[in-house]
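Labels below follow one simple rule: chain letters A, B, ... track the order of the sequence lines, proteins then strands, and each chain is numbered from 1. Please read these numbers as outputs of a predicted model, since none were measured by experiment.
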There are 4 protein chains.
Amino acid sequence: EDRARLLIKCPDQPGIVAAVSSFLRDNGANIIESSQYSANPEGGNFFIRMEFECPGLRGKRTLLETAFSDIAQQFNMEYDFLYVTDIKKTAIFVSKEPHCLMELLWEWQNGELIMDIECIISNYEDSREAVESLGIPFYYIPANKDIRKQVEAQQLEILKKHNIELIILARYMQILTPEFVSHYPNQIINIHHSFLPAFIGARPYERAYERGVKLIGATSHYVTNDLDEGPIIEQGVERVNHRDKVVDLKRIGRQIERSVLARAVKWHLQDRVIVDGNKTIVF
Amino acid sequence: EDRARLLIKCPDQPGIVAAVSSFLRDNGANIIESSQYSANPEGGNFFIRMEFECPGLRGKRTLLETAFSDIAQQFNMEYDFLYVTDIKKTAIFVSKEPHCLMELLWEWQNGELIMDIECIISNYEDSREAVESLGIPFYYIPANKDIRKQVEAQQLEILKKHNIELIILARYMQILTPEFVSHYPNQIINIHHSFLPAFIGARPYERAYERGVKLIGATSHYVTNDLDEGPIIEQGVERVNHRDKVVDLKRIGRQIERSVLARAVKWHLQDRVIVDGNKTIVF
Amino acid sequence: EDRARLLIKCPDQPGIVAAVSSFLRDNGANIIESSQYSANPEGGNFFIRMEFECPGLRGKRTLLETAFSDIAQQFNMEYDFLYVTDIKKTAIFVSKEPHCLMELLWEWQNGELIMDIECIISNYEDSREAVESLGIPFYYIPANKDIRKQVEAQQLEILKKHNIELIILARYMQILTPEFVSHYPNQIINIHHSFLPAFIGARPYERAYERGVKLIGATSHYVTNDLDEGPIIEQGVERVNHRDKVVDLKRIGRQIERSVLARAVKWHLQDRVIVDGNKTIVF
Amino acid sequence: EDRARLLIKCPDQPGIVAAVSSFLRDNGANIIESSQYSANPEGGNFFIRMEFECPGLRGKRTLLETAFSDIAQQFNMEYDFLYVTDIKKTAIFVSKEPHCLMELLWEWQNGELIMDIECIISNYEDSREAVESLGIPFYYIPANKDIRKQVEAQQLEILKKHNIELIILARYMQILTPEFVSHYPNQIINIHHSFLPAFIGARPYERAYERGVKLIGATSHYVTNDLDEGPIIEQGVERVNHRDKVVDLKRIGRQIERSVLARAVKWHLQDRVIVDGNKTIVF
């Protein structure tokens, strides 16, 4: 394909759109989709995502990126050219509950999630068969609090070997150390089984049951060093009532987790998510 | 009308429905609607709400209630006969923001909320005109932390004078003392402008904005002594995105607050809400 | 298990609940859940679903049913005792698109859908591998308008052989003849890929796209002789916008179809759906 | 204010965004918000809405519009400059049911709907008091099928007198003639009390009840000569069940109608809606 995305963040000022769109036109590119956002028109940051088509793009990449650096300097831009043909190498982490992994595999097979699934890493053997039947490598690495360092060393080695660019925690129930997270800034997507910031931490369905809430939810977010505090990408909820026991909340919750995580991953893969401090802009 | 509701809570055991429904039949009543719930069939509580019609009910009330006390004793029941013709005397508290009050008045005029609005109490004068134009008494009682005791004494006097059975806090922004609350157990309904237990306390929209959530909500609950911790009756949410500033969240939130509070009040007025510890059963 | 459900339909009159609940109590059964509905308290039909537990139920079935026939006669009842241990023998029909079949198989493996899947019948070979890997018989029966009679004869033979009690049309794209349908009254559940009665018939997503609707939906209903006109069990919708092409509507629609069909099937398996003329009561 | 919106429709080709954004920059304008849409990148139409701020805009209008005509010609554009200070003169038509009118008046008082309400026209006297208490002229024009021509002549005279730019049919239950509609192309917004295209025409709630649907809805659309067939702006739905009679559907429907119409009107007032054939693009 001849398609790419240009993501830009810079201080807001007049003329940015004109400069970028003129640059693309002059280089033979046609803008297919464009979204922009001014955090604050007076003195805030400006964000833009442009998806464009450019005949012969593969041969023109270096030329294009070099030429753009002038504009970038002039407007003090952070930016990224992302080529649709550069499919993201992905690892999925999972523990015992398979529903989020299964949804991702299913949507990947359907062509809804365009990624290269390089490997699955799990601290349980349960998903091995389903994973290997699709020809995806499955690594079983037992894990617990006491051996965290060794476990993460093993995991990092595998991730490096596969040149992983995105890690999806599909109900992986181990905490990651800041050291681990620092290797993949804004590249680790988690699904938390509550409507954050309600029920941060462990056993959210049990606590939702005890509190007697009338809606339960799930939250997909980038992982940072603060537990369940990273930038939120997507959230969803469903209605529950007094008849629903913890087991029912978990069942209803599984459906929410599946769809919320799949949407968050999809948007990330389409380069629609920009992290701005502790928030996300989803174009 | 000849219509009433019988609400029962008792230890679960076989034969409750048979006993109650036989009692109603033998007293000439026809069951119109019935809902029941076993918290736990083995040794938990059983709850039932039966709505029935009984020709000549007004003249048979004492007879019916006396006759029922035998069954109640046998099954160790807490119970209540609630007559549709006994319309609940209601007071609405409001501060500066009128949208929840307006929704309640509107639905009351439409016949959706069957209650006698005896008075409105506010620590601001803003709503006086709208309220008095409907012929409802409006009491202006300035309030702040330092004069809480005197304020509540004044309020209680008014409430007693009007024989109030239900207090609705329609965005009343003062905290009530345990002493005040103790006069109206499970008779004070509040609307909190967040999806509890997220953003308990002050400034929930500002905090939702800072956290970057993708859904905001509102919660209607009975007031207990613990701030925003009472039994939840109803909750609602709406989707927001990165473009929504605090002022947008407040605007979107107003719509959620209006409809969530109106539903909670409606269910209370129809005797559909039973408090069970710190939760509600909504039949 | 000792659990069963009693479903009743009869002309409304006082004393029905008392009679049925006394009968259950006198036969040692404890009512776990009960829902009732009066179509019209004056002269309409009355519907009730009671779920109960009765120690030693397996040995008491005949006794119970025989004893109940007196009450049934007295109140002119249509009724059914449905035993939780009698798991429904089910056949799933599918054409080319597998997403609804896959969702059903997945929820069945998770224990969410309690049924015996006796066989899958398809006019395409595509799903054979996935089905047979679960040990379920797969019948490939090519079909088209011209050979409908022979096809249905083959299908009926298979259905009889497996003693099928429920047929699920999981995106089976052939029309069934009245003759076929007459063998399974209120036992065939279809998923139609539109929000009925909008876009009855063929190509609903294309027509939704042409009409420019802002929400698309799916409908699960029992199959009768009138195309897409049978009693509706469940419906769902999702928001779409002007950017969504037909292919996007289909993709979004697949998610709605999956969840709407799964819910409808679940309620049917739990004996929660009563057909009343051309409508359903879902308890 | 110095704020305006530029709406453009033209055949898609490379360079449009560059040309328009360069033009705005060169004329001292800063783009605040921009949305674009290609119906089909190969040979379809391109649509863009740019909201911009330009110091001293009031004095530069003619200059700006004249200067732009060159670009417009070059790209074969249909376009519109819409100034935020040009508040739209609006007439609201209503029949007996006031809920949609009331919602519009309420949101207008809250500053959510920025429009000049010049007059209310009704074929009933019911809303006169509420309208006149806000200082808005109220015209009572009895109407029925037989006197349609005279009625519309009277209405048109009033609309001309008030220089009306937008007509909102807030549950106005008379059909408008093609002659009337031709005076206000894409300037008449209606609320239809069903989820179109289901239940086109009269008595939609009665027909929804008879069909036994599980969701009911409302649709806001521009009025064209074909009954309920104009371009859809917004739709909404709510869940209903077998217990809901026609009167309940109407009550639930009123809430949907209120919010759907208010959203559609808001987007129109913000110049976010572009009509493209029989569909809308909502930016």
Side-chain angles (χ1 to χ4, degrees), chain A residues 35-41 44-45 47 194-200 204 207-222 226 228-245 256 260 263-264 267 272-283, chain B residues 35-41 44-45 47 194-200 204 207-222 226 228-245 256 260 263-264 267 272-283:
Chain A
S35 306
Q36 61 178 78
Y37 169 65
S38 296
N40 177 356
N45 275 323
F47 301 86
S194 85
F195 181 82
L196 289 175
F199 310 120
I200 291 177
R207 289 152 65 207
Y209 175 75
E210 282 152 25
R211 182 63 187 90
V213 294
K214 300 299 186 186
L215 295 165
I216 59 165
T219 303
S220 189
H221 62 93
Y222 288 113
D226 297 311
D228 301 337
E229 293 284 6
I232 294 171
I233 305 169
E234 173 64 332
Q235 301 188 288
V237 294
E238 286 289 337
R239 190 160 277 272
V240 296
N241 66 43
H242 61 269
R243 291 184 204 282
D244 295 309
K245 308 294 184 201
I256 316 173
V260 166
R263 283 201 297 277
W267 296 337
R272 295 189 178 281
V273 191
I274 301 181
V275 174
D276 178 30
N278 199 43
K279 299 186 187 186
T280 63
I281 292 155
V282 181
F283 278 137
Chain B
S35 305
Q36 62 179 78
Y37 169 64
S38 296
N40 179 355
N45 275 322
F47 302 85
S194 86
F195 182 81
L196 290 174
F199 309 122
I200 291 177
R207 289 151 66 207
Y209 175 75
E210 282 152 24
R211 182 62 188 92
V213 294
K214 300 299 186 187
L215 294 167
I216 58 165
T219 303
S220 188
H221 62 93
Y222 288 112
D226 297 312
D228 300 337
E229 293 284 6
I232 293 171
I233 306 169
E234 173 63 335
Q235 301 188 287
V237 294
E238 286 289 336
R239 190 160 276 274
V240 296
N241 66 42
H242 61 271
R243 291 183 204 282
D244 295 308
K245 308 295 184 198
I256 316 173
V260 166
R263 283 202 296 278
W267 295 338
R272 294 189 178 282
V273 191
I274 301 181
V275 173
D276 178 29
N278 199 41
K279 298 184 187 187
T280 63
I281 293 156
V282 181
F283 279 136

Side chain / backbone / both / neither for [X] at chain A, heavy atoms under 4.5 Å:
X        : value
B/Asn278 : both
B/Arg207 : neither
B/Ile233 : backbone
B/Phe47  : neither

**Which of B/Val282, B/Thr219, B/Asn241, B/Ile200 touches chain A most, by non-hydrogen pairs under 4.5 Å** =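 Most heavy-atom pairs within the cutoff with chain A belong to B/Val282.
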
**Message:** Looking only at heavy atoms and a cut-off of under 4.5 Å, which of B/Gly230, B/Ser38, B/Gly277 has the most pairs with chain A?
**Reply:**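 Among B/Gly230, B/Ser38, B/Gly277, the one with the most close pairs to chain A is B/Gly230.
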
**Asked** Any sub-3.5 Å donor-acceptor pair from B/Lys245's side-chain atoms to A/Ala39's backbone N or O?
**Response** yes

**Request:** May I ask you to decide if A/Gly236's main-chain N or O and B/Arg239's side chain share a donor-acceptor pair within less than 3.5 Å?
**Result:**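 No.
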
Looking only at heavy atoms, what is the nearest atom pair of [X] and [Y], with distance?
X        : Y        : result
B/Leu215 : A/Val237 : CD1-CG1, 3.9 Å
A/Gly212 : B/Ile232 : O-CB, 3.8 Å
B/Gln36  : A/Arg243 : O-NH1, 2.8 Å

**Request:** Could you check A/Glu210 against B/Lys279 for salt bridge (Lys or Arg N to Asp or Glu O under 4.0 Å), going step by step and ending with a plain yes or no?
**Result:** CA-CA 8 Å; A/Glu210 282 152 25; B/Lys279 298 184 187 187; over 6 Å; no

**Audit row: B/His242, A/Asp276, side chain to side chain contact (heavy atoms under 4.5 Å, CB included) steps and yes/no** = CA-CA 10 Å; B/His242 61 271; A/Asp276 178 30; over 6 Å; no

**Asked** Taking atom NZ of A/Lys214 and atom OG of B/Ser220, what is their separation to the nearest 0.5 Å?
**Response**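 It comes to 11.0 Å.
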
**Asked** Taking atom CG of A/Leu196 and atom CZ of B/Arg211, what is their separation to the nearest 0.5 Å?
**Response**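 So the gap between those two atoms works out to 6.5 Å.
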
